[in-house]
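Below: one structure, written as structure tokens.
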Amino acid sequence: MRLSCIIYFLVLFSIISCSKDDTADVEPKPVLKHRNLRPLFHYSPQENWMNDPNGMVYYDGVYHLFYQYYPDGTNWGPMHWAHTVSNDLFHWEDKGIALYPDDLGYIFSGSAVVDKNNTAGFKSNDNDPLVAIFTHHKSSNGLQTQSLAYSTDKGETWTKYEGNPVLENPGIVDFRDPKVIWHEPTQKWIMSLAVLDHVSFYSSPNLIEWSLESEFGAGIGAQGGVWECPDLFPLQVEGSDEIKWVLLVSINPGGPNGGSATQYFIGSFDGTTFSSETNEINWVDNGFDNYAGVTWSNIPDSDGRRIFLGWMSNWVYAVATPTEGWRGEMTIPLELKLIQKNDKYVLAFEPVAELNNLMSDDDALIIDTPQKSIELENNSIVEYGSYWAEIEIENINDFEIKTGNGLESIFIRYDKVTSTLSIDRSDCGMSDFDQLFKKEIKCEIQPSEGEIVLDLIVDQSSLEILINGGEKVMTALFFSKYKYNSISINGSSDNAFIQHFKITPIQKSVIR
Ligand code: FRU
């Protein structure tokens with residue numbers, strides 16, 4: 001009897017210790033589905049590598065988007081321009097490769113315009129010629145020149161200009177990314193070109209002959225890296241007739257959180273010279289993953305929007321992100337607004353209205369009575385992986401928003417003492433591929449009339465936070481092994497501080 005008792009306890013003990021040992025090495029098995037990291041409503045290539053958006057032009061009802069593309073792998077390589085088109089900025093039809101590398105070099109970033117007056121002489125039928133102005137990068141010596149390609153069939157096919165390059169290299173290694181606009185008052189084309197630590201402005205009557213007008217930027221703004229991908233355009237100040245000129249300049253490295261980022265200047269442009277009115281450094285995005293963004297050309301006056309698109313990655317870890325078969329995604333197309341705040345002007349970024357067509361209030365969860373906390377566990381809206389959450393906070397104290405799955409989470413925290421919003425993705429799932437990726441990033445934000453309004457737009461592997469109507473933006477990629485199925489908001493005080501919460505899945509009629 002005593003022996004059997006001892007044997008019984010020995011067996012029981014060995015079962016317990018054995019089951020402990022077994023689980024010690026084995027990853028917990030969540031009842032969660034594996035994630036598909038490819039976004040639903042952000043543009044991403046079906047396969048292989050993508051970086052900067054290029055040649056963005058609207059013509060005859062179609063938004064054209066080209067982008068830096070390497071068709072033979074998921075890392076950066078000899079650059080091509082791939083082409084995709086859309087009627088609504090969300091459903092894209094891929095058109096393959098428009099421009100291949102040639103004897104003059106790889107095809108680096110650039111822009112496209114509609115040559116309505118046929119200034120370059122490429123017109124051959126009723127269509128207006130579309131002209132792409134891009135950088136040829138010679139890998140043998142690293143020197144860059146500017147070249148043209150044109151299309152007389154509304155962007156279907158592209159021919160490189162036989163007189164390329166149209167702008168020779170003056171002996172400077174970083175000399176690239178031409179963005180061209182038509183300057184109505186002087187009846188000239190203006191090219192903004194990134195030249196090492198400044199932007200050079202060139203003018204041309206015909207897109208073929210270019211003369212240097214002026215230079216802007218040496219010693220001004222952020223200078224922690226090379227200037228790239230400029231964009232100069234006029235923008236009307238909201239609520240007034242005043243027009244200001246905006247200059248976007250990407251910089252790599254030297255961004256606010258390390259790595260690459262885009263700064264902007266607001267000022268005036270007289271057809272020759274750009275003068276900035278901004279003294280401090282302004283960032284398009286205070287997160288990690290919004291680079292090389294520029295705006296569409298030729299949006300009709302009847303529409304009047306200035307629409308921006310950035311590459312949603314950071315050169316620090318762009319080649320290491322854990323996606324399979326494809327790499328690179330774009331931001332949401334964002335409409336730019338110029339607003340006056342006290343004595344200065346700032347850019348605000350709003351998702352283009354077309355995004356609303358992918359959502360329905362019938363699918364939304366709306367909580368309109370003030371809450372102390374919100375906990376959505378195993379929530380089907382979140383679990384789908386693509387959603388928009390609107391959160392209005394009053395009686396502001398420290399608070400934390402967490403989205404995750406019990407094993408993996410992202411934290412968004414507000415710290416009242418420092419007035420900062422932070423994103424911490426160190427525990428988001430797959431984050432070991434880079435140290436900077438794991439760093440918590442912070443952005444100073446000012447409550448507006450005692451309120452903080454956050455719009456969180458999540459799409460499988462990306463989080464875009466628009467703060468107080470997009471006056472500040474924080475974008476961060478994240479990669480988790482399993483789908484996130486929960487979201488919670490908690491505060492440090494006992495107040496019912498969440499005034500309004502609305503979460504809507506974005507899942508209908510999307511293609512990718
Ligand atoms: C910006 C950039 C551009 C260049 C392109 C090359 O991300 O470095 O300056 O044209 O990418 O792919």
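If you're wondering where the values come from, they're calculated on a predicted model, not measured in any experiment. Excluded from the calculations below are hydrogen atoms, water molecules and symmetry mates; all remaining heavy atoms, backbone and side chain alike, are included. Numbering of ligands and ligand atoms starts at 1, following listing order.
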- Item | Aromatic ring proximity, centroids under 6.0 angstrom, His183 and Phe269 | yes

- Task: Consider only side-chain N and O atoms of Glu228 and Ser250, and report whether a donor and an acceptor are under 3.5 Å apart.
- Result: no

Could you go through ligand 1 and note, for every N or O atom, any protein N or O atom closer than 3.5 angstrom, writing the atom names and distance to 0.1 Å, or 'none'?
unit_1: ligand 1; atom_1: 7 (O); unit_2: Asp52; atom_2: OD1; d: 2.7
unit_1: ligand 1; atom_1: 7 (O); unit_2: Asp52; atom_2: OD2; d: 3.2
unit_1: ligand 1; atom_1: 7 (O); unit_2: Trp315; atom_2: NE1; d: 2.9
unit_1: ligand 1; atom_1: 8 (O); unit_2: Glu228; atom_2: OE1; d: 3.4
unit_1: ligand 1; atom_1: 8 (O); unit_2: Glu228; atom_2: OE2; d: 2.9
unit_1: ligand 1; atom_1: 9 (O); unit_2: Arg176; atom_2: NE; d: 2.7
unit_1: ligand 1; atom_1: 9 (O); unit_2: Asp177; atom_2: OD1; d: 3.4
unit_1: ligand 1; atom_1: 9 (O); unit_2: Asp177; atom_2: OD2; d: 2.6
unit_1: ligand 1; atom_1: 9 (O); unit_2: Glu228; atom_2: OE2; d: 3.1
unit_1: ligand 1; atom_1: 10 (O); unit_2: Ser109; atom_2: N; d: 3.1
unit_1: ligand 1; atom_1: 10 (O); unit_2: Asp177; atom_2: OD1; d: 2.6
unit_1: ligand 1; atom_1: 11 (O); unit_2: Asn51; atom_2: ND2; d: 3.3
unit_1: ligand 1; atom_1: 11 (O); unit_2: Asp52; atom_2: OD2; d: 3.1
unit_1: ligand 1; atom_1: 12 (O); unit_2: Asn51; atom_2: ND2; d: 3.1
unit_1: ligand 1; atom_1: 12 (O); unit_2: Gln68; atom_2: OE1; d: 2.6
unit_1: ligand 1; atom_1: 12 (O); unit_2: Trp76; atom_2: NE1; d: 3.0

- If only atom types and distance count, is the side chain of Thr331 paired as donor or acceptor with the main-chain N or O of Gly310 below 3.5 Å? yes

- Item | Pair Ser422-Glu440, side-chain donor/acceptor within less than 3.5 Å | yes

- Task: Kindly check if the number of other-residue, nucleotide or ligand heavy atoms within 6.0 Å of CD (Glu280) is above 12?
- Result: yes

- Check: Gly217 main-chain N/O paired with Gln223 side-chain donor or acceptor under 3.5 Å: yes

